[in-house]
Amino acid sequence: MSTTELLKGAAELFPDEVVTSAHVRHLDLPFNSGRFALITLDNGFDHTKPTTFGPASLANLSIAIDQVEKEASAGEIVGVGITGKPFIFAVGADLKGVELLKNHSDALAIGKGGHEVFKRLAQIGVPTFGYYNGAAMGGGVEVGLHCSYRTVSASLPAFSLPEVFLGLVPGWGGCTLLPNLIGADKAVTVIIENSLNQNKQLKGGQVYDLGIADALFEGADFLEQSLLWTAAVLKGEIAVERPAIDRGEAWDQAVARGRSVADSKVHGAAPAAYRALDIIAGAKDGDLQKGYDAEDVALADLIMGGELRSGIYAFNLVQKRGKRPAGAPDKSLARPVTKVGVVGAGLMASQLALLFLRRLEVPVVLTDIDQERVDKGVGYVHGEIDKLLLKGRVNQDKANRLKALVTGVLDKAEGFSDADFIIEAVFEEIGVKQQVFAEVEAVAPAHAILATNTSSLSVTEMASKLKNPERVVGFHFFNPVAILPLLEIVRGEQTDDVSLATAFGVAKKLKKTAVLVKDAPAFVVNRILTRFMGEIQNVIDEGTSVEVAEKAVEPLGLPMSPLVLLELVGPAIGLHVSETLNRAFPDRFTVSPNLAAVVKAGKRGFYVYDSGKPELDPEVAALLKQGDVALSEEQVRDRVLDAVAQEIGLMLDEGVVAEAQDIDLCLITGAGWPFHLGGVTPYLDREGVSERVNGKRFLEAGVASVPV
């Protein structure tokens with residue numbers, strides 16, 4: 001089957017493809033170097049919209065290559081370049097179409113179609129040049145890898161092969177060409193390690209340093225400089241030299257390192273990383289076609305798998321639903337925020353002050369019970385700004401301006417009398433928070449929003465003694481504040497639309513993923529995690545070993561084990577939340593006597609790390625009092641998953657969030673749960689847990705799964 005026929009058949013499977021055009025224009029290169037053909041990828045949208053490759057887009061590129069092939073064979077051109085529209089090179093396959101594929105043969109056609117088009121760039125008969133002028137991901141990176149030479153813009157903000165992160169492999173040459181270009185170890189870093197590290201992006205300079213690009217030019221005149229460089233290469237004035245690739249033991253060690261990285265991140269729970277590593281291992285002999293064939297098969301297998309469908313579902317949640325929160329009021333109701341008050345000056349409060357300062361760039365004032373605490377909080381913010389200055393993230397003028405905007409006072413009347421948005425981050429006890437809000441209400445202007453960073457307490461109860469409870473809203477961040485995107489915005493029973501709209505407006509300026517949550521105990525993430533971790537603690541209390549309990553959930557591929565997560569959160573906080581939920585739902589949430597003993601003993605976790613890896617602390621082991629019911633890993637896993645499925649079902653029945661999608665969005669952005677789980681509900685559906693526990697799926701068939 002010809003490339004044209006292959007793509008024509010595949011195009012029927014992508015009815016909503018945003019088609020990318022491939023325009024050819026001709027240039028006379030400098031220094032009388034000859035006539036040059038430049039292909040520009042452009043999907044016709046504004047410059048913020050990404051350029052993608054679906055079957056019709058690949059067909060357009062193939063037509064452009066037809067033209068330059070003829071010109072090359074006729075001796076009319078001396079070279080071919082490919083670049084993108086301003087600020088965007090190309091960001092890979094059209095995922096909207098991929099998730100619609102229903103059978104293996106269609107998925108195989110997509111892989112083969114991409115390969116057949118991209119390979120032609122290496123077969124034109126004249127040197128080819130990839131000009132990475134802007135964001136390049138996935139297939140966008142791979143089309144450039146098929147060129148003879150590459151340049152990259154120093155201002156390029158994002159460059160990656162993110163497929164493993166989503167549940168795929170770089171399937172249009174990435175797994176095969178990249179290790180043969182820069183060596184297996186560097187390729188493993190880009191394809192495996194960066195992808196599994198929350199899809200870490202490379203900057204232009206890093207792309208050059210890795211050897212992916214042969215030249216680095218500033219963004220302002222990137223294309224002009226690239227063409228000058230191209231002319232010099234074609235005239236032989238610049239010789240591109242690349243280091244020899246070590247195809248011996250170093251290659252095998254790189255693949256082994258990649259497997260260790262994959263094991264540490266997904267624990268064998270998702271196949272994509274391991275399939276990619278198999279292809280990288282097979283690319284050692286430099287047989288490109290064998291590598292391309294392996295990519296085609298892996299791509300088709302993974303497209304038809306649940307992990308990829310869950311990955312696309314999760315990606316869409318973050319990129320679409322996360323930017324248009326379900327249930328958010330009309331944004332026109334939001335009030336402007338020109339000054340922020342923070343009650344408290346501890347670590348959490350100081351992190352919040354820093355975030356508001358950096359994103360809103362308005363005056364931020366902290367208060368606390370004594371001057372020492374206030375000074376420490378302001379000092380923390382100043383210190384973090386100094387770090388940004390040292391890293392070149394801000395210049396001296398901006399650093400000085402930001403520092404001048406943050407102040408600390410003891411008198412709330414002095415600090416908050418003209419504040420528009422005041423958030424408390426004090427001790428997690430309802431009486432303390434009620435007292436704080438009463439003091440704030442007495443001095444704050446009538447229009448000010450009063451926000452609470454509570455992790456589990458009732459927003460309604462917190463506001464119940466105020467004159468104006470309608471302006472109180474939950475604004476629950478996750479730690480570390482600068483890293484985790486989620487912001488649970490909690491509507492109390494009397495919270496009005498203006499306060500809620502203002503909260504969502506602030507969240508957007510803070511660049512957070514906001515999810516509207518009903519005022520229910522522990523809201524979303526903490527409620528699910530507490531039920532999840534509570535079952536782990538229950539089986540340990542009943543007699544299952546810590547090791548078995550921890551290993552039981554490894555197949556989920558979570559970012560960390562339950563007890564390591566408890567250590568990160570803090571056992572005392574974990575105990576407090578479990579006590580809160582036990583009071584609300586005593587039939588489902590228990591308070592572990594062993595956890596209480598650990599907290600009473602002042603232990604910061606269950607493990608010690610003297611050997612460099614986590615081992616059960618002997619002092620904690622001595623505290624544990626266990627029964628005689630020891631479960632297997634499979635029994636523990638079933639029990640934990642059943643508990644989570646039950647709790648999510650109840651939360652949806654209670655209307656804690658609008659839909660299951662919001663549960664998943666919260667777990668992905670607030671707890672770092674992996675894309676290959678889709679948060680959690682696609683996994684529970686796929687494993688049959690949802691129907692076993694609740695009698696029905698959380699998501700309709702075809703959502704985060706193969707269409708029926």
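These figures come from a predicted structure and were not determined experimentally. No hydrogens, no waters, no symmetry mates; every other heavy atom, side chains included, goes into these values.
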Could you measure the distance from the CD1 atom of Ile279 to the CG atom of Leu299? Nearest 0.5 Å is fine. 8.5 Å
Does the Thr20 side chain pair with the main chain of Leu41, one donor and one acceptor, at a distance under 3.5 Å? no
Does the Arg150 side chain pair with the main chain of Gly144, one donor and one acceptor, at a distance under 3.5 Å? yes
How long is the span from the NZ atom in Lys200 to the OG1 atom in Thr189, to the nearest 0.5 Å? 9.0 Å
When you look at NZ of Lys186, are more than 12 heavy atoms from neighbouring residues, nucleotides or ligands closer to it than 6.0 Å? yes
Check for a donor-acceptor pair, side chain of Tyr132 on one end and backbone N or O of Val141 on the other, with a separation under 3.5 Å. yes
Would you say the side-chain atoms of Asn316 pair up with the backbone N or O of Arg321, donor to acceptor, closer than 3.5 Å? no
Applying side-chain contact (heavy atoms from CB on, under 4.5 Å), name anything that partners Val703, two or more places apart in sequence or on another chain. Tyr313, Leu699, Glu700
Between Asp42 and His23, a side-chain donor and acceptor under 3.5 Å: no
Taking atom CZ of Phe478 as the centre, does the number of heavy atoms from other residues, nucleotides or ligands within less than 6.0 Å exceed 12? yes
Could you walk me through whether Glu361 and Lys509 pass the salt bridge (Lys or Arg N to Asp or Glu O under 4.0 Å) check? CA-CA 10 Å; Glu361 296 189 18; Lys509 291 180 179 178; over 6 Å; no
Between His676 and Leu556, is there a donor-acceptor pair closer than 3.5 Å when you use the side chain of the first and the backbone of the second? yes
Evaluate salt bridge (Lys or Arg N to Asp or Glu O under 4.0 Å) for Glu193 paired with Lys265, printing each intermediate quantity in order. CA-CA 9 Å; Glu193 190 170 15; Lys265 293 291 187 179; over 6 Å; no
Does CD belonging to Glu218 count more than 12 external heavy atoms closer than 6.0 Å? no
Test your reading of the model: is there a side-chain donor-acceptor pair from Asn694 to the backbone of Lys696, 3.5 Å cut-off? no
So, do Phe356 and Phe421 have ring centers that fall under 6.0 Å from each other? yes
Are the side chain of Lys518 and the backbone of Val490 linked by a donor-acceptor contact shorter than 3.5 Å? no
Do Asn133 and Lys85 have side-chain atoms, one donor and one acceptor, less than 3.5 Å apart? no
When rounded to the nearest 0.5 angstrom, what distance separates OG1 in Thr681 from CG in Asp662? 10.5 Å
Measuring from atom CG of Leu355 to atom CD1 of Ile423, what distance do you get when rounded to the nearest 0.5 angstrom? 9.5 Å
Stepwise side-chain contact (heavy atoms from CB on, under 4.5 Å) test for Trp172 and Ile110: CA-CA 10 Å; Trp172 286 341; Ile110 295 302; 4.1 Å; yes
Hey, do the aromatic rings of Phe532 and Trp673 have their centres closer than 6.0 Å? yes
What I want to check is whether the side chains of Ser195 and Glu163 have a donor and an acceptor closer together than 3.5 Å. no
For a quick test of reading the model, state the closest non-hydrogen atom pair linking Leu202 to Val190 and the distance between them. CD1-CG2, 4.2 Å
Backbone N/O of Val481 and side chain of Gln351: donor-acceptor pair under 3.5 Å: yes
Could you give me the CA-CA distance, side-chain angles and deciding distance for Leu333 and Phe504, then say whether side-chain contact (heavy atoms from CB on, under 4.5 Å) is met? CA-CA 10 Å; Leu333 297 173; Phe504 274 98; over 6 Å; no
Side chains of Arg686 and Ser310: donor-acceptor distance under 3.5 Å anywhere? yes
Determine whether Glu488 and Leu486 satisfy the following criterion, side-chain contact (heavy atoms from CB on, under 4.5 Å), listing intermediate values before the conclusion. CA-CA 6 Å; Glu488 291 178 338; Leu486 180 63; 3.9 Å; yes
Any side-chain donor paired with an acceptor under 3.5 Å for Ser690 and Asp685? yes
Test side-chain contact (heavy atoms from CB on, under 4.5 Å) applied to Asp664 and Val318, Leu317, Thr669, Ile648, the passing residue: Leu317
Output all residues satisfying side-chain contact (heavy atoms from CB on, under 4.5 Å) with Gln319, sequence neighbours left out; order by chain, then residue number. Phe315, Lys323
When every non-hydrogen atom of Pro674 is compared with those of Pro559, the smallest separation belongs to CD-CD, 4.1 Å
Check side-chain contact (heavy atoms from CB on, under 4.5 Å) between Thr495 and all other residues, then give those that pass, not counting sequence neighbours. Val473, Arg491, Ser499, Leu500
Between NZ of Lys320 and CD of Gln661, what distance do you get to the nearest 0.5 Å? 13.0 Å
Could you tell me whether a side-chain N or O of Glu142 sits under 3.5 Å from a main-chain N or O of Gly174, the two making a donor and an acceptor? yes
Quick check: Phe53 with Phe118 (ring centres under 6.0 Å apart)? yes
Begin with the C-alpha distance, continue with both residues' side-chain angles, and end with the deciding distance and a verdict on salt bridge (Lys or Arg N to Asp or Glu O under 4.0 Å) for Arg527 and Glu647. CA-CA 8 Å; Arg527 181 165 166 181; Glu647 202 60 37; 2.8 Å; yes
So, for Asn199 and Gln201, which heavy atoms are closest and what is the spacing to 0.1 Å? O-NE2, 3.1 Å
Sidechain-backbone polar pair: Tyr683 side chain, Gly678 backbone, donor-acceptor under 3.5 Å: no
Is the shortest side-chain heavy-atom distance between Val152 and Ile212 below 4.5 Å? no
With side-chain contact (heavy atoms from CB on, under 4.5 Å) as the criterion, how do Thr51 and Val91 come out once you've worked through the C-alpha distance, each side chain's angles and the decisive distance to 0.1 Å? CA-CA 6 Å; Thr51 302; Val91 297; 5.9 Å; no
Would Ser155 and Ser153 count as having a side-chain donor-acceptor pair, cut-off 3.5 Å? yes
Angle class for the Phe675/Phe165 ring planes (parallel below 30°, perpendicular above 60°, tilted otherwise)? tilted
In terms of the angle between their ring planes, are His476 and Phe523 parallel, tilted or perpendicular, with boundaries placed at 30° and 60°? tilted
I want to check something: taking the side chain as every heavy atom from C-beta on, are Lys398 and Arg393 in contact at a cut-off of under 4.5 Å? no
Nearest-0.5 Å distance, OG of residue Ser705 to CZ of residue Arg309: 8.0 Å
Side chains of Asn194 and Asn197, donor plus acceptor under 3.5 Å: no
